[in-house]
Amino acid sequence: MEEKILGAVESLKEEMLQAILELVKIDSVEAAPEPGAPFGPGVKAALVKALELGERLGFSTVNMDNYIGYAEYGQGEDYVCAIGHVDVVPVGDGWRQPPFSGYTENGIIYSRGVLDNKGPIMTCLYGLYALKNLGYKPKHRIRIIFGCDEESGFEDLKYYLQREKPPVWGFTPDCKFPVVYSERGRAVIRVKGGQLEPFFGFVTEYFIGAKNTGDRLGIDFSHEEYGVMEMRNYKLEVREGTPCFEASLSYPAGCGIGAILERIRKKAAGLAVELVQNYNPVVFEKDGPMVKALTECYEKVSGVPGAPVTTTGGTYAKAMPGIVPFGPSFPGQKGIGHNPNEWMAVDDLMKNAKIYALGLYRLGNL
């Protein structure tokens, strides 16, 4: 069956690439909300297009008030899923071609969102289409979920989980290969102070003038597989007349946010330290059934060993129970998604589609 699946995906190449181009040509940078468009008209247009493409392939689709939507196949009480997103980061400067043109050259598509994340989620949709064409009957329903607020706050996923139960198995094609069995924790802290001298002294000594590992704060936790704590995205501002400093923390599993805050507060005597946001580390068993199944799919298509890995990044896996990050970038492909001239090779899109088709097939049978 697996060889038939790979052949079925290959036969859909031109149709899939055309669908990807239709989607990446939509400017879906988040904008001010409008009636019926909670993340702006561009994001809504991209969601509507993604669902339209799903309907063309014969899937039932659901649009959840333009917060998020999905295409679905099969029967069953529960479901497995692939969840990606159609919103994109701002384009920025430095593009050689218009960022929403779908410009293609030498087998590479250049466009904002082609990697992060429109191309990969469409390869999931076409992977499922290949299974549908083969008459596959999964044990679980299979959903391809199109998020709309991954880049700005996960409000789309919060809306979804208030109305739908989470999947039993799943993945998000929004990170890297092989299977990412664990993500670091992500937190944002805010330091507030009334007196300028102690406030700026603390910020300078422990953040701006220090390593980004938090060593002076005593929070430079490290782990053999995850690496060391990282602090980034520093922001200094005045809120209601009070100076404030924010920092994003990427922390390894094995240390909790409570211990981190306790140590920062000890150093920040007299200053308020607030937790603005936190997502705990996500950890799956390396030899668990889902990780094992997806690893085997990756190895079959790529032809290389695929021991599960960790990541410093953050994906929907932070907030959607039961899913792991899985692709789309192959080893050695870094610094593409949020940069100018974002790209994805046609060959890699096809590999993605084959891996994801096998992955959905295997998860649908678990």
Side-chain angles (χ1 to χ4, degrees), residues 30 39 64 67-68 70 80-89 115-117 120-121 124 143-190 219 221 223 225-233 246-261 274-286 288 290-291 294 308-329 337-338 363:
E30 184 170 342
F39 308 113
M64 300 179 68
Y67 276 83
I68 196 167
Y70 60 85
V80 300
C81 79
I83 175 171
H85 61 94
V86 297
D87 61 312
V88 298
V89 297
L115 174 71
D116 187 14
N117 189 230
I121 194 57
C124 293
R143 285 182 183 176
I144 309 300
I145 303 174
F146 305 99
C148 294
D149 189 42
E150 195 276 343
E151 299 291 4
S152 303
F154 292 3
E155 292 301 320
D156 55 345
L157 192 50
K158 294 173 187 176
Y159 194 86
Y160 178 89
L161 291 173
Q162 288 170 357
R163 293 158 177 80
E164 297 278 348
K165 63 183 180 181
V168 289
W169 314 104
F171 60 85
T172 178
D174 194 20
C175 192
K176 62 183 178 181
F177 289 119
V179 182
V180 177
Y181 79 93
S182 183
E183 285 189 0
R184 289 178 175 221
R186 282 285 188 92
V188 177
I189 62 163
R190 179 184 298 139
I219 61 171
F221 297 102
H223 187 281
E225 293 188 67
Y226 297 87
V228 70
M229 159 81 76
E230 293 181 12
M231 300 190 300
R232 56 174 78 99
N233 299 331
E246 286 188 6
S248 299
L249 277 57
S250 173
Y251 61 94
C255 66
I257 190 62
I260 292 170
L261 288 172
E274 302 174 348
L275 181 63
V276 178
Q277 184 184 75
N278 179 61
Y279 291 102
N280 291 323
V282 178
V283 184
F284 285 84
E285 293 295 328
K286 291 184 188 179
M290 177 169 62
V291 172
L294 295 178
V309 296
T310 66
T311 182
T312 59
T315 71
Y316 276 136
K318 285 279 191 293
M320 174 71 99
I323 70 169
V324 291
F326 187 43
S329 296
H338 288 191
L363 295 186

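The model shown is predicted, which means the values in this text are computed figures rather than measured ones.
Between Tyr159 and Tyr67, the ring planes lie parallel to each other; the angle is under 30°, not in the 30° to 60° tilted range.
The backbone N or O of Ser250 lies less than 3.5 Å from a partner atom in the side chain of Arg184, making a donor-acceptor pair. Glu246 places no side-chain N or O within donor-acceptor distance of the main-chain N or O of Val188, the cut-off being under 3.5 Å. A donor-acceptor distance shorter than 3.5 angstrom exists from the side chain of Asp87 to the backbone of Glu151, with no hydrogens or angles considered. A distance-only check finds a donor-acceptor pair linking the side chain of Asp149 to the backbone of Phe154 [under 3.5 Å].
The two atoms that bring Ile219 and Ile260 nearest to each other are CG2-O, 3.8 Å, heavy atoms only. Scanning both residues, Met290 and Gly322, for their nearest heavy atoms gives CE-O, 3.3 Å.
Between Glu225 and Val309, every side-chain heavy-atom pair lies at or beyond the 4.5 Å cut-off. Inter-residue side-chain proximity for Met320 and Ile145 is flagged as met; some heavy-atom pair is nearer than 4.5 Å. The side-chain heavy atoms of Glu285 and Val291, taken from C-beta on, include no pair separated by under 4.5 Å.
Here the options are Val282, Val180, Val179, Thr315, the test is side-chain contact (heavy atoms from CB on, under 4.5 Å), and the partner is Val324; only Val179 passes.
From Arg232, atom CZ reaches atom OG1 of Thr312 across 5.5 Å, with rounding to the nearest 0.5 Å. Considering CD of Glu230 and CG of Leu249, their distance stands at 10.5 Å, rounded to 0.5 Å. Within the model, atoms CD1 of Ile68 and NZ of Lys158 stand 12.5 Å from one another, a figure rounded to the nearest 0.5 Å.
For Tyr70, there are no ring pair (Phe, Tyr, Trp, His ring centres under 6.0 Å) partners two or more places apart in sequence or in a different chain.
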Can you give me every donor-acceptor pair (side chain of residues 165-173, partner residue at least two apart or in another chain, under 3.5 Å) with its distance?
unit_1: Lys165; atom_1: NZ; unit_2: Glu77; atom_2: O; d: 2.8
unit_1: Thr172; atom_1: OG1; unit_2: Ile83; atom_2: O; d: 2.7

